[in-house]
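Since the structure comes first, as structure tokens, the remarks are kept for the end.
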Amino acid sequence: MCRGAAPLAAAIAALLIPALAVAQTEIPAAGRSALAGVLNPVEILYLALLAMMIGTTMLTAVFIIRQRLKTTAENELLRANLADSRAEAESRAALLAGADERIVIYSGPGAPEILGALPGDCGAPLEEKRFLAFGDWMPASAARALADGIDRLRGAAKPFCLEIELAEGQVIEATGRTIGALATVRFVRLQGLRERLREVQAAEQRALATIETMQRLFDAAPIPIWLRERDGRLVWVNESYASAVDASSVAECLAHQSEFLSQQDRLTIAAHRAEAKVFSGKLSTVVAADRRNFAVVEADGPLGSAGLAADVSETEQVRMELRQTIDSQSETLNQLTTAVARFDEKTRLAYYNAAFQRLFDLTNTYLDSEPDHLALLDHLRTTGILPVEKEFHSELRDQDLAAYRATEPTETLWHLADGRTLRVIATPQPRGGATWVFEDITEKLELESQVKATVRLQRETIDYLREAVAVFGSDGRLRLSNPAFAELWGLDGEYLRSRPRIHALPELCNFAIVGGDDDEGEARGWTRFSQAVTAFDEAGRDTETGEFALTSGHTVAYGIVPLPNGQTMLTFSDISDAREAERMLRERNEALEQANQIKNDFVQHVNYELRSPLTNIIGFSALLRTPETGPLNERQSEYLDYISTSTSQLLTIVNDILDLATIDAGIMELELDAVDIAKTVAHAADGVRERLTEAGVTLDIDLAEAGETLRADGPRLTQILFNLLSNAANFAPAGSAVALRARRRDDTIRFEVTDRGPGIAHDNVDKIFERFEANPNGGRQSGAGLGLSIVKSFVELHRGTIEIVSAPGEGTTVICTLPLGETPPDHQENGRPRFEDAAE
């Protein structure tokens with residue numbers, strides 16, 4: 001029975017069983033028993049319908065069975081065709097994979113289909129996603145060109161063909177074309193003849209690029225370069241060549257065949273090239289109306305020859321100058337009395353001067369043989385110039401050649417057999433060898449011995465002096481002292497021989513300083529000594545003298561004497577007897593001071609009468625110099641100079657005294673007006689410029705914070721600043737600077753004048769402004785003592801204040817503070833200030 005019959009029989013049974021059941025239920029129970037007998041028409045109808053239904057069902061079943069068999073056969077045929085198609089597709093895919101190519105198929109907007117694969121060593125990735133990312137595995141320019149080609153292929157069906165060179169040196173070909181509605185891109189690695197052709201084309205492009213690069217280089221080169229054919233004609237030159245032959249362009253140079261070298265030189269070059277294929281030498285030619293030297297190189301090639309010429313004129317000039325310098329140095333060294341010899345890297349004698357030959361009494365024949373260092377030393381020992389050493393030969397050789405292995409210059413002493421002593425300096429040379437300098441120091445050693453003997457003699461002489469003497473070095477240490485010094489201060493002689501510093505001596509002295517000529521006391525006395533000993537400005541150090549009293553009851557006169565090389569000598573003499581005699585004169589001096597006060601009072605009253613005749617003297621002195629009074633002889637002219645100088649100084653003193661007298665009388669009037677600060681300071685500075693120059697002192701002016709003007713008496717303000725600068729210049733040490741600074745603060749202006757002089761003791765500050773009080777201590781000259789007194793008076797007339805900031809050894813600063821505005825109304829009358837209050 002065929003397949004499908006069982007399901008069909010089951011379907012027929014399913015139709016008949018319900019029909020039979022219906023028929024059975026409709027027959028009465030009484031007639032069922034007689035069914036086997038005669039059937040009625042209704043029953044026959046039912047049976048007929050049933051039979052018809054069964055027949056219809058059978059026919060339907062047969063039809064269904066036949067259709068099912070037909071469908072099954074068709075399915076089997078389709079399966080066989082599908083298997084054949086799959087086999088054929090797999091065969092074609094295998095063929096593509098074995099063909100070392102890859103095809104990308106674009107059929108719509110979605111992702112493309114990829115068939116085949118490229119060889120693994122060509123540089124293309126195997127994964128499809130990485131393969132489609134062209135920019136990741138091929139050069140950026142090639143990736144852009146490929147993407148553009150694919151876009152044109154898919155959009156306008158334009159085919160393309162690209163050759164892509166990968167980073168590994170592999171070359172693949174990408175070909176794009178359309179097949180029906182599909183856009184395909186075929187990737188194939190170039191092999192065989194096509195790959196060789198591609199390599200040749202790439203090599204040609206590289207060669208052309210190299211030639212173009214070299215062409216640009218040669219055109220920009222600053223040296224002439226040229227190419228010639230076999231017949232010698234120029235076929236190419238660069239810009240430098242055309243410029244050297246005065247051609248306006250390269251084309252003109254080639255058209256006229258302008259030659260850089262002379263015909264004789266070209267023949268010489270051709271002859272050398274015929275023998276050695278290359279010419280290299282130095283030739284000269286005229287360039288820009290100047291004959292210059294060139295290093296010329298010309299070489300043969302397959303098509304002709306190429307050459308270049310480098311200008312070596314400057315090199316030749318430098319070489320000539322170097323040769324002249326060496327000759328000049330040789331001539332200079334020959335004039336020296338110091339022996340000089342230079343040995344090369346093989347220790348052979350390369351140079352020597354005349355002093356070297358005279359020092360060791362060597363002949364020209366021997367020196368011209370260029371002996372080495374060891375041979376020269378053996379020769380000197382053999383001739384008896386150098387003493388014979390007792391060391392072994394190997395040890396002696398190592399000692400003699402040690403200087404050639406050293407990295408720094410070495411210095412030794414050679415004691416010759418005749419008693420001379422040489423100072424030998426060996427300097428190794430960077431390229432090997434060494435330069436030896438031989439200095440005869442025999443006389444120097446003898447002088448040092450004599451100096452030492454002289455020093456011993458001086459020491460013994462100082463030891464027997466009654467005056468205490470101590471010499472200190474620039475570092476403050478004691479260098480020399482005699483027994484009188486230790487006895488005067490009560491110091492231990494053994495301790496002094498340990499060379500203590502001067503700062504440690506005050507604490508160890510048995511006798512202290514209790515007073516001096518200026519009542520400074522012990523601290524100030526030893527401070528002065530320390531400053532003098534350790535001062536840096538040797539040119540500005542001066543000899544100082546003074547005296548002080550000790551706790552032992554003695555009065556001592558001291559002296560500070562600068563010595564060469566920064567040393568300082570302190571001397572102390574006991575003058576107690578002399579001061580005792582002076583004590584009796586001191587009382588009489590007090591009486592003289594009272595008389596001096598009376599004299600000052602007298603001068604104040606007669607000052608006006610003195611000024612008039614003094615003015616007459618100055619005037620008549622000036623008249624005597626005029627031609628109308630007749631000629632003067634040399635002595636008369638000299639006397640007039642003395643008169644003029646003396647009267648000028650006297651007039652200054654008289655004017656100062658007159659100003660003070662006017663102030664004291666309360667009749668001094670100031671003419672207040674707007675004063676230009678900068679001009680006033682400049683005027684005062686010009687007045688002391690000569691004095692500052694003579695003293696070796698500079699002037700530092702700072703007016704940055706001063707402003708422009710103030711209300712004051714211009715001439716009096718100039719006199720104030722002049723006197724302050726004069727005082728500072730007198731006390732400022734040489735080489736220092738005097739500072740003038742003006743600062744404006746609120747309604748006042750402050751002038752500060754600072755010097756770096758010896759300073760003023762605190763006890764003497766109040767005496768500075770006293771009249772006729774001159775303090776020459778530390779100053780260059782002593783005046784009448786009126787300058788600062790006048791300054792104080794004029795400042796107070798301006799309703800200002802003056803103060804001094806100073807300390808011993810720290811310089812002095814004088815500060816003048818003046819009001820900027822007008823004088824208060826209660827001190828003015830008729831537009832002029834009244835100064836009765838200031839005078840009181």
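The first residue of the sequence shown is numbered 1, and numbering continues consecutively from there.
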Flag the pair [X] / [Y] as yes when at least one side-chain heavy-atom distance between them is below 4.5 Å, and no otherwise.
X: L488; Y: D574; answer: no
X: T410; Y: T427; answer: no
X: C816; Y: V791; answer: yes
X: L818; Y: L717; answer: yes
X: I560; Y: L570; answer: yes
X: L491; Y: C509; answer: yes

How about [X]: does its [atom1] atom have over 12 heavy atoms from other parts shown lying under 6.0 Å from it?
X: R745; atom1: CZ; result: yes
X: D746; atom1: CG; result: no
X: E803; atom1: CD; result: yes

Would you call K452-E448 a salt bridge at under 4.0 Å N-O?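 E448 and K452: not salt-bridged.
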I'd like to know if E494 pairs up with R497 as an ion pair, taking the criterion as any Lys NZ or Arg NE/NH1/NH2 lying under 4.0 Å from an Asp or Glu carboxylate oxygen.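 Salt bridge between E494 and R497, a charged N being under 4.0 Å from a carboxylate O: yes.
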Between D475 (side chain) and R477 (backbone), is there a donor-acceptor pair under 3.5 Å?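 Yes.
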Do we see a donor-acceptor contact under 3.5 Å between the side chains of T338 and E439?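 No pair is found: no donor N or O on one side chain lies under 3.5 Å from an acceptor on the other.
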Consider ring pair (Phe, Tyr, Trp, His ring centres under 6.0 Å). Of Y495, F572, F529, which one does W489 pass it with?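 By the ring pair (Phe, Tyr, Trp, His ring centres under 6.0 Å) criterion, W489 pairs with just one of Y495, F572, F529: F572.
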